[in-house]
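In what follows, a structure is listed as structure tokens, so that the remarks can point back to it.
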Amino acid sequence: MLATAPEVDVLIVGAGISGIGMAAHMKMKSPHHSYAIVEQRDNLGGTWDLFRYPGIRSDSDMHTLGFDFEPWRHEKSIADAPSILEYLNRIADERGIRQHIRFGHKVISADFRDDEARWHVELEKSDGTRTRITANFLYLGSGYYDYDEPFDPGFDLGEFEGQVLHPQFWPEDLDYTGKRVVVIGSGATAVTIVPSMADKAAHVTMLQRTPTWMASQPAKDWFANTLRKFLPAGLAYRITRFKNIRMQDFVFKTARKKPEKVKDALHKKIEKALGPNYDKASFTPPYDPWDQRLCLVPDDDLFAAMNAGKAAVVTGHISKFEKGGVRLKSGELIEADIVVTATGLKLAVAGKIALSQNGVPTDLSQRFYYKGCMFSNLPNLAVVFGYLNASWTLRADINSDYICRLLNHMRKTGTTIAAPVLTPEAEATLEEDDIFDFSSGYIQRGKHIMPKNAAEYPWRLNQEYVLDRKRMASDPLDDGWLKFSNASEEAGAAGGELEAAE
């Protein structure tokens, strides 16, 4: 065992919402622990810095996508990327986080060594050189999708002579003024791009194979804006956040229990925006609301573009790409100068980092989630995978808080290793559960690489924030599953199977 301490107590991977949030939580709740953030890009922000397509915005309200410790003060609660980046940058600067970020550092591999109680992390810098860093604890805020490669649907572009691009790599100098644009897809990205391009383009068509449930909502939250006029910003934020969390939970559960009621409510809002003669079939998916995430339409912007004759929604299957556009199997030709393939993301786990323990590769698809935060039999590692039915940051906040509790407990007890121990005997009794019952394409395509979920807590990535928050904050750390130990003890065990604490 090495006598020297690791270079940092906690290495945070990713300077997006999850990473910045963890750093802020550590500053407040675990100030005696050192940390560093490594970020492969040159700027902080993660998703909000990577995506540059027209209109890029949140699809959750910022009173829940914002952090629990930092009020959202902007008038619009459905915020654009620049506003979100301003929020994150302000937090990083005001809380002294920026100086802890090492930009241009991509994590390639990470090996936990039991006899040292530390991670050995290999990184690639922007210039292609490699470097290493050691840390006692690894916190992955690297998101859920592949930053380097989007999903490729494998279109045969045939004779099409126009420009084809993917939202994940939007060209800065794209001039679409007066151009005919076809956006292929029906998810949140397509629903955002279409009305945003419609102001300059000659016409924008959203070409969907399958409709998506759309929910119209004002971009400004009158309740939040009113409260801020009479109450301190922090108190107004907490009240609005509480209201929105409860509303999200109510809508999701209603959709599960009474889907027809939710369908009727969604259709009524669309009819109010488009008129009674709108094409209902193009807004009626073959699944129930919240079998996939609802697509947010702030201030009816998509519907306004349709009413103005600047945009259209077409449902059909692509036959081929021709010189002047996209030919459907119905025979219809949709003319296009530009095709945008908003066909989804490619799911990635743990930022595609090659994880190992004592030199033995770790396959996360064979591990169970522990409290939606850690993984079975994998020491000193935490991850953020946000809620499918609520805002990402809700999970990021409670995971950060939990890990701070864990770090403080380890410091107090003089232990250096924390591992959620699941013995083969205990694992044999678990009933597996598919919490990824959403039919979204990117989820279905990536399920084979995702960690396992049990039907019962704590071995699952639960999808009920209100309950999760209570459990993560109040359940005892020493719950019989989480084992605390030291490097010397693990070295003495000579790599033997970990056993759960009594």
Side-chain angles (χ1 to χ4, degrees), residues 8 10-27 35-60 62 65-67 69-70 72-74 76 79-108 121 123-131 133 138-150 165-174 188-189 192-193 196 345-346 348 350-353 383-384 386 391-393 396-397 400:
V8 292
V10 180
L11 183 66
I12 301 170
V13 181
I17 284 179
S18 301
I20 297 298
M22 178 57 182
H25 276 273
M26 285 191 66
K27 297 276 285 190
Y35 74 91
I37 303 176
V38 288
E39 166 59 51
Q40 68 172 333
R41 298 174 57 76
D42 295 327
N43 304 300
L44 64 80
T47 292
W48 305 107
D49 180 65
L50 174 67
F51 285 90
R52 304 294 180 93
Y53 59 78
I56 170 90
R57 56 164 172 77
S58 64
D59 66 345
S60 299
M62 289 304 301
L65 191 60
F67 298 111
F69 56 81
E70 186 69 25
W72 178 256
R73 294 181 171 89
H74 288 266
K76 283 190 174 183
D80 57 26
S83 298
I84 298 172
L85 286 173
E86 185 275 330
Y87 177 77
L88 292 173
N89 275 283
R90 176 165 51 82
I91 291 169
D93 291 332
E94 291 181 352
R95 295 174 182 262
I97 294 171
R98 190 179 299 275
Q99 56 262 40
H100 294 270
I101 305 175
R102 305 180 188 184
F103 292 106
H105 283 67
K106 180 180 181 179
V107 179
I108 303 301
V121 182
L123 306 105
E124 182 178 80
K125 299 168 73 173
S126 298
D127 61 6
T129 61
R130 296 286 178 100
T131 186
I133 187 173
L138 192 61
Y139 190 91
L140 302 181
S142 45
Y144 67 103
Y145 63 88
D146 192 327
Y147 270 50
D148 306 311
E149 183 182 348
L165 50 100
H166 192 282
Q168 191 164 324
F169 301 109
W170 197 270
E172 292 183 10
D173 58 350
L174 179 68
T189 303
T192 299
I193 289 175
S196 299
L345 304 167
K346 183 178 179 182
K352 301 191 296 182
I353 299 168
V383 68
V384 179
S391 297
W392 180 275
T393 317
D397 271 334
S400 295

Closest non-hydrogen contact found for Ala188 with Asp59 is CB-OD2, 4.2 Å
- Task: Report yes or no: does Ser142 contribute a side-chain atom to a donor-acceptor pair with the main-chain N or O of Gly14 at less than 3.5 Å?
- Result: no
I'd like to know if Asp93 and Arg98 make a salt bridge, using a cut-off of under 4.0 Å between side-chain N and carboxylate O. yes
Centroid separation Phe67 to His25 less than 6.0 Å: no
- Query: So do Ile17 and Leu65 actually touch side chain to side chain, heavy atoms under 4.5 Å?
  - Reply: yes
Nearest heavy-atom approach of Val38 to Leu11 is CG1-CD1, 3.9 Å
Note, Val13 side chain near Ile353 side chain (heavy atom, < 4.5 Å):
yes
(message) For the residue pair Ser18 / Trp392, report whether a side-chain donor-acceptor contact shorter than 3.5 Å exists.
(response) yes
State, yes or no, whether a side-chain contact exists between Phe51 and Thr189 at a heavy-atom distance under 4.5 Å. no
For Ser196 and Gly55 the tightest heavy-atom approach is OG-CA, 3.2 Å
Margin query: With a 4.5 Å cut-off on side-chain heavy atoms, are Leu44 and Leu88 touching?
Written below: yes
Taking C-beta and beyond as the side chain, do Pro82 and Trp48 meet within less than 4.5 Å on heavy atoms?
no
Rounded to the nearest 0.5 Å, the CE atom of Met26 sits from the CD1 atom of Ile97 at a distance of 10.5 Å
Heavy-atom side-chain contact between Tyr144 and Val384 under 4.5 Å: no
Exercise. Take Tyr145 and Leu50, measure what side-chain contact (heavy atoms from CB on, under 4.5 Å) needs, and give me the verdict at the end.
Key: CA-CA 12 Å; Tyr145 63 88; Leu50 174 67; 3.7 Å; yes
On a heavy-atom basis, the closest approach of Ala396 and Tyr139 is O-OH, 3.9 Å
Verify, without hydrogens or angle tests, whether His74 (side chain) and Lys76 (backbone) share a donor-acceptor contact under 3.5 angstrom. no
- Using atom types as modelled and distance alone, determine if a side-chain donor or acceptor of Glu124 lies under 3.5 Å from a backbone N or O of Ile108. no
Worksheet item: Does the side chain of Ile101 come within less than 4.5 Å of Ile20's, by heavy atoms?
Response: yes
Using only atom types and a distance under 3.5 Å, with no angle test, would you say the side chain of Ser391 pairs donor to acceptor with the backbone of Thr393? no
When every non-hydrogen atom of Gly16 is compared with those of Glu39, the smallest separation belongs to N-OE1, 4.4 Å
Should Lys346 and Asp148 count as an ion pair when the cut-off is N to O under 4.0 Å?
no
### Task
Check the pair Asp80 / Ile56 against side-chain contact (heavy atoms from CB on, under 4.5 Å), numbers first and verdict last.
CA-CA 6 Å; Asp80 57 26; Ile56 170 90; over 6 Å; no
Distance col, row Gln168:CD vs Arg52:CZ, nearest 0.5 angstrom, shows 13.0 Å
Discussion item. Check the orientation of Tyr35 and His100. Use parallel for under 30°, tilted for 30 to 60°, and perpendicular for over 60°.
Written reply: parallel
Q.
For the residue pair Tyr53 / Thr192, report whether a side-chain donor-acceptor contact shorter than 3.5 Å exists.
A. no
Closest heavy-atom pair, Asp397 versus Gly66, reported as atoms and distance to 0.1 Å, is OD2-O, 4.2 Å
Value for CZ (Arg73) from CD (Glu86), rounded to nearest 0.5 Å, stands at 10.0 Å
Hey, are Arg95 and Glu70 close enough for a salt bridge, meaning a charged N less than 4.0 Å from a carboxylate O?
yes
Open item on the list: Any non-hydrogen side-chain atom of Leu123 less than 4.5 Å from a side-chain atom of Lys106?
Closed with: no
Separation between CD (Gln40) and OH (Tyr147), nearest 0.5 Å, reads 7.5 Å
* Asked: Parallel, tilted or perpendicular: which fits the ring planes of Tyr87 and Trp72, with parallel below 30° and perpendicular above 60°?
  -> perpendicular
### Query
So, the side chain of Thr129 versus the backbone of Lys125: is there a donor-acceptor pair under 3.5 Å, distance only?
no
